[in-house]
Amino acid sequence: MADVGATGAEIRATRIEKAKTLQAQGMNPYAYRWERTHTAAVLQEKYAHLAAGEAVGDRVSVAGRIMARRVFGKLAFFTLQDDSGTIQLYLDKQTISQGMGEAAFADLKHLTDVGDILGAVGTLKRTEKGELSVVVESYTMLTKSLLPLPDKWHGLTDVEKRYRQRYVDLIVNPHVRDTFRKRALITAAIRRYLNEQGFIEIETPVLQAEAGGAEARPFITYHNTLEMQLYLRIATELHLKRLIVGGFEKVYELGRIFRNEGISTKHNPEFTSIEIYQAYADYNDMMTLTEAIITTAAMEVLGTLKMTYQGETIDLTPPWRRVTMHDGVLEATGIDFRQLSDLAAAKTAAQKVGVKDLDTCDTIGRVLNEVFEQTVEPTLIQPTFVLDYPVEISPLAKPHRSQPGLVERFELFIVGREHANSFSELTDPLDQRQRLEEQARRKAAGDLEAHSVDEDFLTALEHGMPPTGGLGIGIDRLVMLLTDSPSIRDVIAFPLLRPESAGGQV
RNA sequence: GGGUCGCUAGCUCAGCGGUAGAGCACUCGGCUUUUAACCGAUUGGUCUUGGGUUCGAAUCCCAGGCGACCCA
């Protein structure tokens with residue numbers, strides 16, 4: 001193995017040789033199991049009291065990946081990383097020779113690399129420099145790594161490589177593992193809270209004959225035996241409502257949604273939402289529930305409701321501000337849409353305050369929404385419920401009990417982004433049919449995101465759905481908020497990327 | 001969809017018309033208290049792909065690929 005170079009291929013070849021050498025010495029470089037007594041974090045805590053230079057005879061067994069090697073003539077220090085943290089291995093020639101024979105220390109120097117997964121048995125001591133260490137009596141190669149890890153100091157920073165090779169990102173960037181641990185804590189805390197409140201989680205179909213429940217373009221797939229086109233769900237709404245019709249009074253589903261739309265720092269084609277439906281409740285109850293869920297999640301991972309996101313201070317302490325869409329727009333622009341009854345006048349007023357892209361707005365309500373999105377949304381940094389949306393952009397929401405032309409709907413905004421969407425659900429089957437048929441007309445006229453008519457859903461409503469409050473929360477955005485992550489790709493383990501080999505290789 | 005920027009050694013980056021560079025990693029030698037260990041010696045490249053301009057292209061031009069950011 002003399003004269004090896006340092007290209008990736010050469011490093012790999014060298015390591016394969018090392019694995020063969022280990023094998024020839026009777027050590028399987030791909031072991032079956034390891035009996036571990038302690039994780040790194042448990043050791044660090046249990047022996048926190050050891051003073052520098054102090055040693056104890058307790059024999060422990062650890063395992064993990066070698067993240068750093070500092071090798072001297074007859075002494076070496078390895079940093080071993082496991083799921084819980086890191087622990088230093090103190091490897092001196094004399095101790096290892098006693099445990100494993102004369103050649104063991106030289107083998108350690110020549111046959112192990114950063115990246116290998118090692119098991120080690122030994123006693124504990126805190127070195128004179130203050131690092132808790134396992135004084136190794138014997139070690140075992142558990143897995144020989146063939147590929148080098150990124151630069152130990154700079155790590156892996158290339159975002160494309162981080163997403164494409166997330167396993168490397170996770171090995172060398174500890175905060176990435178933290179983010180996904182927190183994501184798991186958040187979803188677990190939300191489920192625990194809802195279960196305690198008497199909600200049950202029911203899984204509804206991902207494959208659907210009609211993709212309904214939201215304004216979005218679906219993914220299309222094909223079932224061979226049925227010989228039919230199917231859609232991946234764009235929402236869980238219409239099936240969860242069927243369950244309310246069926247007599248469940250508190251249901252939810254936390255799961256994957258698919259929308260065939262653009263990719264950005266805030267959008268991944270598959271993402272996770274939770275939708276929650278509660279019989280005999282309205283959107284006011286849902287606001288309280290939203291506050292409870294998000295504060296529960298925040299306390300779980302942050303332990304406080306006062307937090308920062310990308311340098312901005314956010315206070316999640318309820319109750320959160322509530323403002324109607326009309327009042328929000330009036331505040332931001334001086335335009336009072338309640339005084340406007342003419343589409344052209346509404347557009348003129350909107351243009352006057354710098355709102356663009358009004359061409360497709362064919363009703364005053366849609367103009368209002370456009371003005372809201374462009375002038376108010378980005379300013380809603382602290383948690384804010386925006387209430388009472390135009391009926392034409394809310395085809396599944398119940399008409400407002402006192403405001404004609406509006407529905408009982410709110411969206412929650414934090415750091416200028418939508419985090420939740422909720423209605424007093426529309427339960428009148430005839431009104432619902434009219435609204436969906438209007439959507440179907442828009443779809444026929446070329447609106448790719450318009451709702452489709454789901455006849456079975458309408459039939460369910462005709463059997464009678466109790467008054468119901470519904471709520472959807474975007475889990476990825478919530479995790480972004482609570483982990484201070486700037487991009488949705490930071491909270492999705494394997495975000496969708498175009499394959500490197502795709503396209504016009506000549 | 002439009003604009004801007006990026007892609008050079010395993011990793012992080014220089015080089016911007018004249019023989020392809022550094023640090024870390026790798027390999028070899030030395031070293032029993034390191035933690036970005038240190039000292040010494042090597043080694044490592046289809047400069048994202050394809051065209052073009054030029055005596056000469058990593059560098060300039062055109063087109064493609066992949067990504068990042070901003071805008072829609």
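Chain naming here is simple, since letters A, B, ... match the order of the sequence lines and numbering starts at 1 in each.
Met67(A) has its CE atom 17 Å from the C1' atom of A37(B), to the nearest Å. Look at CD on Gln374(A): it is 12 Å from P on C71(B), rounded to the nearest Å. Atom CG of Asp359(A) and atom P of A72(B) are 14 Å apart (whole Å). Between Phe72(A) atom CZ and C39(B) atom P the separation is 12 Å, expressed in whole Å. Whole-Å rounding puts the Asp113(A) CG to C11(B) P distance at 17 Å. The distance between atom CG of Leu111(A) and atom P of U27(B), rounded to the nearest whole Å, is 10 Å. The distance from atom CZ of Arg162(A) to atom P of U12(B) is 11 Å, rounded to the nearest whole Å. Following rounding to the nearest Å, Lys356(A) (NZ) and C71(B) (C1') show an atom-to-atom distance of 8 Å.
For Gln25(A), the CD atom sits in a packed shell: over 12 heavy atoms of surrounding residues, nucleotides or ligands are nearer than 6.0 Å.
Within residues 121-128 of chain A, the residues having any heavy atom closer than 4.0 Å to RNA chain B are, in order of number, Lys125(A), Thr127(A), Glu128(A). Contacts between residues 74-88 of chain A and RNA chain B, defined by a heavy-atom separation below 4.0 Å, involve Lys74(A), Leu75(A), Phe77(A), Gln88(A), listed by number.
No hydrogens or angles considered: a donor-acceptor pair under 3.5 Å links the side chains of Asn369(A) and Glu373(A). In summary, the side chains of Arg477(A) and Thr272(A) do not present any donor paired with an acceptor at a separation below 3.5 Å, with no hydrogens or angles considered.
Within the structure, every side-chain polar atom (N or O) of Thr14(A) is placed at least 4.0 Å from both OP1 and OP2 of U27(B). Dashed line: the shortest gap from a side-chain N or O of Lys152(A) to OP1 or OP2 of A25(B) is under 4.0 Å. When the side-chain nitrogen and oxygen atoms of Arg489(A) are compared with OP1 and OP2 of C69(B), one or more of them lie within a distance under 4.0 Å. Of the side-chain N and O atoms in Arg498(A), one or more sit less than 4.0 angstrom from OP1 or OP2 of G67(B). Between Lys18(A) and U27(B) there is a side-chain polar atom (N or O) within less than 4.0 angstrom of OP1 or OP2.
Listed nucleotides U32(B), U12(B), A36(B) differ in distance to Leu156(A); the shortest reach to its side chain belongs to U12(B). Here the nucleotide nearest the side chain of His110(A), chosen from U12(B), G67(B), G29(B), is G29(B).
Ring-plane geometry between Phe258(A) and Phe219(A) is classed as perpendicular, the angle between the planes exceeding 60 degrees on a 0 to 90 degree scale with a lower cut at 30.
A search for ring pair (Phe, Tyr, Trp, His ring centres under 6.0 Å) contacts involving Tyr90(A) returns Phe77(A), not counting sequence neighbours. Shown here are the side-chain contact (heavy atoms from CB on, under 4.5 Å) partners of Glu45(A), two or more places apart in sequence or in another chain: there are none. Phe385(A) is linked by a ring pair (Phe, Tyr, Trp, His ring centres under 6.0 Å) to Trp320(A), Phe410(A), counting only residues two or more places apart in sequence or in another chain. Annotation: side-chain contact (heavy atoms from CB on, under 4.5 Å) contacts of Ser145(A) (sequence neighbours excluded): Arg15(A), Asp116(A). Residues satisfying the side-chain contact (heavy atoms from CB on, under 4.5 Å) test with Lys109(A), not counting sequence neighbours, are Val71(A), Phe105(A). Thr379(A) meets the side-chain contact (heavy atoms from CB on, under 4.5 Å) test with Val376(A); sequence neighbours excluded. Listed by chain and residue number, Phe413(A) satisfy the ring pair (Phe, Tyr, Trp, His ring centres under 6.0 Å) test with Phe372(A) (two or more places apart in sequence, or in another chain).
Arg15(A) comes within 4.0 angstrom of nothing in the nucleic acid, heavy atoms only. If you check every strand for non-hydrogen atoms under 4.0 Å, Gly262(A) touches nothing.
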Atom pairs under 3.5 Å, N or O on each side, protein against nucleotides 1-3 of chain B: can you list them with distances?
none

Show each protein N/O and nucleotides 21-23 of chain B N/O combination with a separation under 3.5 Å, one pair to a line.
residue, atom, partner, partner atom, Å
G23(B), N2, Asp151(A), OD2, 2.8

Applying salt bridge (Lys or Arg N to Asp or Glu O under 4.0 Å), run through Asp158(A) and Arg164(A) and close with a yes or a no. CA-CA 10 Å; Asp158(A) 183 291; Arg164(A) 286 193 197 280; over 6 Å; no
Run the salt bridge (Lys or Arg N to Asp or Glu O under 4.0 Å) test on Glu10(A) and Arg12(A) for me, step by step, so that the C-alpha distance in whole Å, both residues' side-chain angles and the decisive distance to 0.1 Å come before the verdict. CA-CA 5 Å; Glu10(A) 285 164 334; Arg12(A) 180 169 175 272; over 6 Å; no
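In RNA chain B, runs of at least 3 consecutive Watson-Crick or G-U pairs, each pair with both distances below 3.5 Å, span B:1-7 with B:65-71, B:10-13 with B:21-24, B:27-30 with B:38-41, B:48-52 with B:60-64.
Arg409(A) forms a cation-pi arrangement with Tyr389(A), by the criterion of a distance under 6.0 Å to the ring centre and an angle within 45° of the ring axis.
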